[in-house]
Amino acid sequence: MPEEPGAQSLLDQVAEAERQLIEAAGRERPDAEAEAYFDAVIAADQKIEPRDAMPEAYRKTLIRQIAQHAHSEIIGMQPEGNWITRAPSLARKAILLAKVQDEAGHGLYLYAAAETLGIDREELYAQLLSGRQKYSSIFNYPTVTWADVGVIGWLVDGAAIVNQVPLCRCSYGPYARAMIRVCKEESFHQRQGFQSLYVLARGTEKQRAMAQDAIDRWWYPSLAMFGPPDADSKHTAQSMEWKIKRYSNDELRQKFVDMTVQQAEVLGLTLPDENLRWNEERGHYDYTQPDYDELMRVIKGDGPCNRQRMANRREAVESGAWVSEAAAAYAAKQNVRQEAMA
Amino acid sequence: MTKNPLWEVFVRPRRGLSHSHVGSLHAADAQLALRNARDLYTRREEGVSIWVVPAADITASSPQEKDAFFDPAADKIYRHPTFYEMPEGAEHI
């Protein structure tokens, strides 16, 4: 009997339904109770803690963000570390050393927070070196004069603070606690930079020109630190729903511009933007957007210093390996000795 | 790179307060953990005493069993002083 037209496709649908039925039976059912608990904690604006059940995507997003943040602190030691041996006075050198040491500390708080999500420290280090995890694009720009150290403190750390203060209210407990610690220390970083620039701006003509030149070079890369515009930011909406992020990239960027204009006036130096002016209607400053194509190029690895930063990091890991090997050997020897005595 | 064990760090902020958990770090042995904890968590005089504990030695209750684990306390409201109604006129109690 010839099949009626369409019968085969109907049979196909039956077979497909049967296949789906078998597949669904074998599928792991999401734990509805755990999911409801997670949603309730987020809705109540409370903290998720390391051993709570959480959606896999939430865990992955946090690992990506916290790791990127930790890597930025560690790589961020390089541009400023470049000036430790050439700081203009002992006082400036001591301050810079303390600041770079803080950055190392911030990286370690954040690595520890990331590890509570079940990823290994060694794995995080490996992903930085292999380029699978990123760090902030800003640290791929060179520090060519002493004034750059001041501008990093004022603008780069200033932008970082605007970004990080809302993270103190992040829904993931260990990240929020690490950020509170970081933000308390970060304020010294910004102030020492501002004060250093203030001195240069009131110094010789050459010092003043050096300070202005540094601002001219760092202003747009600092604006780009807030990430792509909201329309192109692929993680923002979900992260805000999970209360990891509290404000969008553009909101934070605007906040930074609004705060910085007055500070530049106090310094008596100019932000390199002809279109920068107060917009009465918006209640904000209008400003020129940074070059986001450049941001993407630098993130992808093609900034002025990407290769140098990674080469230095790799070199530090390799040439420092003997220290942790020696410490481990000593610990093992002590253990044997203690067991022998017991 | 050598794999160092994880240590949990507890700091007593001031005399008279108890030690509180502040974070964790990796170190080869207890002495190094203690010294690293000093450099990492008390750079600005945040503490007067530090404990380091191997993370592997901590036994924790499971959040999944939270309800069953803590339930026995829920129906013993007579452990709270407010359970007892005091007669009119009783003072200092």
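We name chains A, B, ... by the order of the sequence lines, and we start the count at 1 in each one.
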Engineer: Do other residues, nucleotides or ligands put more than 12 heavy atoms under 6.0 Å from R43(B) CZ?
Structural biologist: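 Yes, CZ of R43(B) has more than 12 neighbouring heavy atoms, counting only those of other groups under 6.0 Å.
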
Engineer: Does any heavy atom of chain A fall under 4.5 Å from the side chain of L40(B), the backbone, both, or neither of them?
Structural biologist: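 It is both, since atoms from each part get that close.
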
Engineer: Does atom CZ (R35(B)) have a neighbourhood of more than 12 heavy atoms from anything else shown, all under 6.0 Å?
Structural biologist: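 No, the 6.0 Å shell around CZ holds no more than 12 heavy atoms from other groups.
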
Engineer: By number, which residues in residues 89-119 of chain A have some heavy atom less than 4.5 Å away from chain B?
Structural biologist: Q101(A), D102(A), G105(A), H106(A), L108(A), Y109(A), A112(A), E115(A)

Engineer: Does atom CD1 of I58(B) have more than 12 heavy-atom neighbours, drawn from other residues, nucleotides or ligands, at distances under 6.0 Å?
Structural biologist: yes

Engineer: For E46(B), is it the side chain, the backbone, both or neither that has a heavy atom under 4.5 Å from a heavy atom of chain A?
Structural biologist: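 Side chain only.
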
Engineer: Using side-chain heavy atoms (C-beta onward) and a distance below 4.5 Å, is V22(B) in contact with R181(A)?
Structural biologist: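 Side chain of V22(B) against side chain of R181(A), heavy atoms only: contact under 4.5 Å found.
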
Engineer: Any idea which heavy atoms bring A328(A) and A28(B) closest together, and the distance?
Structural biologist: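 For A328(A) and A28(B), the tightest heavy-atom pair comes out as N-CB, 3.8 Å.
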
Engineer: Can you establish whether the number of heavy atoms outside E56(A) located under 6.0 Å from its atom CD is more than 12?
Structural biologist: yes

Engineer: When you compare the side chain of Q31(B) with that of Q334(A), does any pair of heavy atoms fall below 4.5 Å?
Structural biologist: no

Engineer: I want to check something: taking the side chain as every heavy atom from C-beta on, are F188(A) and R44(B) in contact at a cut-off of under 4.5 Å?
Structural biologist: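 Yes; the side chains approach each other to less than 4.5 Å.
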
Engineer: Most heavy-atom pairs under 4.5 angstrom with chain B, which of R177(A), E185(A), K184(A)?
Structural biologist: E185(A)

Engineer: Can you tell me which of G23(B), P5(B), A60(B) forms the most heavy-atom pairs within a distance under 4.5 Å of chain A?
Structural biologist: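 Between G23(B), P5(B), A60(B), the count favours A60(B).
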
